[in-house]
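This report concerns only the one structure given below.
Below, all heavy atoms of this structure are taken into account, side chains as well, without hydrogens, waters or symmetry copies. Keep in mind that what you see is a predicted model, and the values were worked out from it rather than measured. Throughout, protein chains are lettered first and strands after them, A, B, ... in sequence-line order, and every chain is numbered starting at 1.
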Number of protein chains: 2
Amino acid sequence: MKKKATIVDIANKLGITPSAVSKALSGHPRISDETKLAVIAAAKALEYTPNHMAMGLRKGTSGLIGILVPAIHYSFFATAIKGAEEVLSQAGYNVIIAQSKDNAALERKQLEGLVRAQVEGIIASMAIETKDFSFYQELSFDIPLVLFDRTFEDDNVSTVIVDDFAGAVKAVDHLVEMGYSRIAHLGGYAHILPFGKRIEGYKSALAKHGLPFRKEYLFQCAPNKDEGAQATERLLQLPEPPDAIFAASDYLAFGAIKAAKKQGLHVPDDLGLVGFSNEEFSAQVSPSITSVDQFSEAMGASAAELLVRQMREGKGGKEFIAQKRILSPKLIARESSLRKVKTTLHTP
Amino acid sequence: MKKKATIVDIANKLGITPSAVSKALSGHPRISDETKLAVIAAAKALEYTPNHMAMGLRKGTSGLIGILVPAIHYSFFATAIKGAEEVLSQAGYNVIIAQSKDNAALERKQLEGLVRAQVEGIIASMAIETKDFSFYQELSFDIPLVLFDRTFEDDNVSTVIVDDFAGAVKAVDHLVEMGYSRIAHLGGYAHILPFGKRIEGYKSALAKHGLPFRKEYLFQCAPNKDEGAQATERLLQLPEPPDAIFAASDYLAFGAIKAAKKQGLHVPDDLGLVGFSNEEFSAQVSPSITSVDQFSEAMGASAAELLVRQMREGKGGKEFIAQKRILSPKLIARESSLRKVKTTLHTP
DNA sequence: TTGAAAGCGCTAACAG
DNA sequence: CTGTTAGCGCTTTCAA
């Protein structure tokens with residue numbers, strides 16, 4: 001590995017000073033086109049690459065944005081990162097990623113790591129077990145921060161979320177329309193905002209349709225297959241089991257399908273199912289899972305745009321105003337809820 | 001945003017010099033435990049965070065590793081990144097990710113971006129359209145580089161791959177065992193090493209079983225559903241269509257299933273299918289796809305370990321020796337190849 | 001055991 | 001239009 005050329009090298013080669021080179025390279029107005037050209041040529045000849053760290057140290061910038069998610073291999077997060085990365089790299093930033101593994105302690109450690117790496121802004125989605133938001137709140141004073149999907153209520157923090165309440169209502173509406181009436185909900189933990197909103201939407205939609213809310217029909221679980229299967233088993237053992245389940249994640253819904261099949265039930269004829277997030281596998285499993293699409297890529301891109309704008313405003317001196325972006329979710333109907341015979345049993 | 005404390009602040013507070021603070025903080029041996037403790041306490045009180053860029057500029061390190069993949073939302077790459085991120089963050093590095101979108105020009109641009117960000121090492125998987133490896137070769141002189149999965153042949157570059165030849169042989173062996181005899185191959189582009197090896201393994205396994213190689217049974221496509229479906233349609237129109245397909249990716253295999261269904265063929269009874277990579281959806285589609293698992297997470301982790309070791313050796317002065325790691329793939333048999341009636345038609 | 005001084009590569013006043 | 005100078009925050013000889 002040969003040592004890299006610096007602006008000093010190119011200044012020497014040309015018999016001018018480093019500062020002239022610096023100006024030429026950054027297109028400073030008050031420098032002759034002649035030297036600009038010469039500098040650019042010399043830079044190419046010496047294979048000069050600017051040293052970001054030196055520049056960063058001087059200018060107080062790093063060109064780095066941190067993205068923290070629970071797990072990058074969940075397709076929702078992977079797709080959101082993709083969306084964000086494209087916007088950010090377009091805007092000239094490099095993206096550092098970190099995973100919390102849904103663990104509050106690790107989340108904190110990773111956030112500190114990002115800060116230490118001098119990121120200029122952070123995009124994050126909270127760990128499922130995080131209940132203490134103070135760290136995020138403090139962070140938002142020091143550094144531009146945008147939360148997406150897994151957020152909490154705070155007027156000072158910008159967020160991008162899907163309208164989870166509306167999504168839940170759409171899911172329940174759809175199940176009712178398909179003739180189901182005993183609709184259970186496999187929810188996430190209510191303290192995480194989107195899951196709380198989905199629970200609220202679920203309850204509200206039940207009320208709208210004159211259906212009773214039964215608390216034995218509501219489970220709060222971690223959003224994975226196993227908990228979905230376990231909760232479903234419990235639901236099916238009730239004296240009056242549900243005829244449909246609205247799950248707050250497709251992983252939960254998939255677990256529910258497994259459990260239902262194990263009990264010899266047919267989906268959707270015996271048990272209707274709607275998930276949330278529209279994961280890649282949901283269209284491809286059998287039966288395919290009806291799901292509420294939350295436009296993960298758009299969400300990541302939107303969070304990135306918001307962050308970039310926020311950083312620009314922060315630089316301009318004036319305080320930025322925290323923004324809340326709410327995307328409208330869309331129900332994608334698939335096999336798991338489309339039963340042939342619609343039997344409307346409930347009496348409103 | 002309050003401005004951050006520096007070692008100068010903490011030196012002033014304690015009435016000592018910055019250099020003493022620096023030494024205390026880095027656990028330098030020749031500094032009294034007394035001042036060490038005082039420094040640590042003061043650092044905490046002032047909420048001191050070290051400035052990575054200043055440190056990097058001084059020591060010539062950035063603590064950054066770049067990972068470049070074609071697309072981070074493909075589960076294979078997402079999982080590999082997860083594996084690598086865990087190893088790297090354990091080793092004290094931050095991870096920058098970049099996507100090439102399988103586009104050679106963008107790949108190059110992104111690699112340059114990583115270099116400019118002063119990454120200390122790069123882990124990459126090549127874009128599908130890249131045919132000119134010289135940029136990677138030059139890069140490997142300047143910076144520790146480990147390629148995984150999508151690699152090329154070069155003795156000076158470390159690589160982590162799965163034994164693609166062996167994987168292809170396992171796939172064909174399995175199909176033959178299930179009684180298929182007219183086995184086609186939907187391959188990737190042969191110039192990308194793993195795809196080339198799979199083609200070789202396919203041919204070799206056919207020969208081993210006394211089956212003829214027919215060039216009309218071999219397609220080279222981009223590894224996605226659409227090309228898989230198109231190629232399969234063409235295959236099924238042949239005067240003597242295949243009774244099984246070994247696809248070099250699960251996306252291709254999934255496209256093949258779609259095409260077969262469209263033609264009214266039953267998988268696996270009319271057409272046996274084996275994919276490659278064992279994507280998340282492969283276990284869950286219907287019929288589930290038999291696939292060759294390449295241990296994506298282990299691959300990412302292994303690449304990261306190799307890179308870390310390489311960087312350490314490079315620092316030690318002695319030249320590192322490029323290593324080739326080869327993981328052994330495993331066939332996971334699922335519905336798409338398990339037909340009930342095994343009919344062995346071919347005469348060896 | 002600590003301090004003084006120099007410098008990593010770059011930029012931004014301010015002079016010339 | 002270009003040069004001079006100083007310094008971003010930190011580490012690292014060398015000297016005390």
Evaluate the side-chain proximity of A/Val69 to A/Ile123: yes if any heavy-atom separation is below 4.5 Å, no if none is. no
Between B/Ser32 and A/Lys23, whichever has its closest DNA chain C nucleotide further toward 5' is B/Ser32
In residues 50-59 of chain B, which residues come under 4.0 Å of DNA chain D by heavy atom? B/Pro50, B/Asn51, B/Ala54, B/Met55, B/Arg58, B/Lys59
Within the 4.0 Å heavy-atom criterion, would you say B/Ser22 contacts the bases, only the backbone, or no part of the nucleic acid? base
Does the B/Thr151 side chain pair with the main chain of B/Phe148, one donor and one acceptor, at a distance under 3.5 Å? no
Does D/dC10 have its OP1 or OP2 closer than 4.0 Å to a side-chain nitrogen or oxygen of B/Ser19? no
For B/Leu46 and D/dG9, what is the distance between atoms CG and P respectively, to the nearest whole Å? 14 Å
May I have the distance from B/Ile16 (atom CD1) to D/dA16 (atom C1'), rounded to whole angstrom? 17 Å
Inspect the surroundings of NZ in B/Lys101 and state if more than 12 heavy atoms from other residues, nucleotides or ligands are less than 6.0 Å away. no
How many Å lie between NZ on A/Lys36 and P on D/dC1, as a whole number? 9 Å
Residue from A/Thr159, A/Asp102, A/Thr130 passing side-chain hydrogen bond (donor to acceptor under 3.5 Å, both in side chains) with A/Arg150: A/Asp102
Any carboxylate oxygen within less than 4.0 angstrom of a Lys/Arg side-chain nitrogen, looking at B/Arg116 and B/Glu112? no
Around A/Tyr74, counting heavy atoms of other residues, nucleotides and ligands shown, do more than 12 lie under 6.0 Å from its OH? no
Salt bridge or not for B/Glu305 and B/Arg309, using N-O below 4.0 Å? no
Classify the nucleic acid contact of A/Thr6 as base, sugar-phosphate or nothing, counting any heavy atom under 4.0 Å across all strands shown. sugar-phosphate
Students often get this wrong, so: under 4.0 angstrom with heavy atoms, is A/Ser26 touching a base, only sugar-phosphate, or nothing? nothing
Under a criterion of less than 4.0 angstrom to any heavy atom of chain B, what are the 5'-terminal and 3'-terminal contacting nucleotides of DNA chain C? C/dT1 to C/dG9
Assess whether atom CD of A/Gln137 is packed by more than 12 heavy atoms of other residues, nucleotides or ligands within 6.0 Å. yes
Mark yes when over 12 heavy atoms from residues, nucleotides or ligands other than B/Lys131 sit less than 6.0 Å from its NZ; otherwise mark no. no
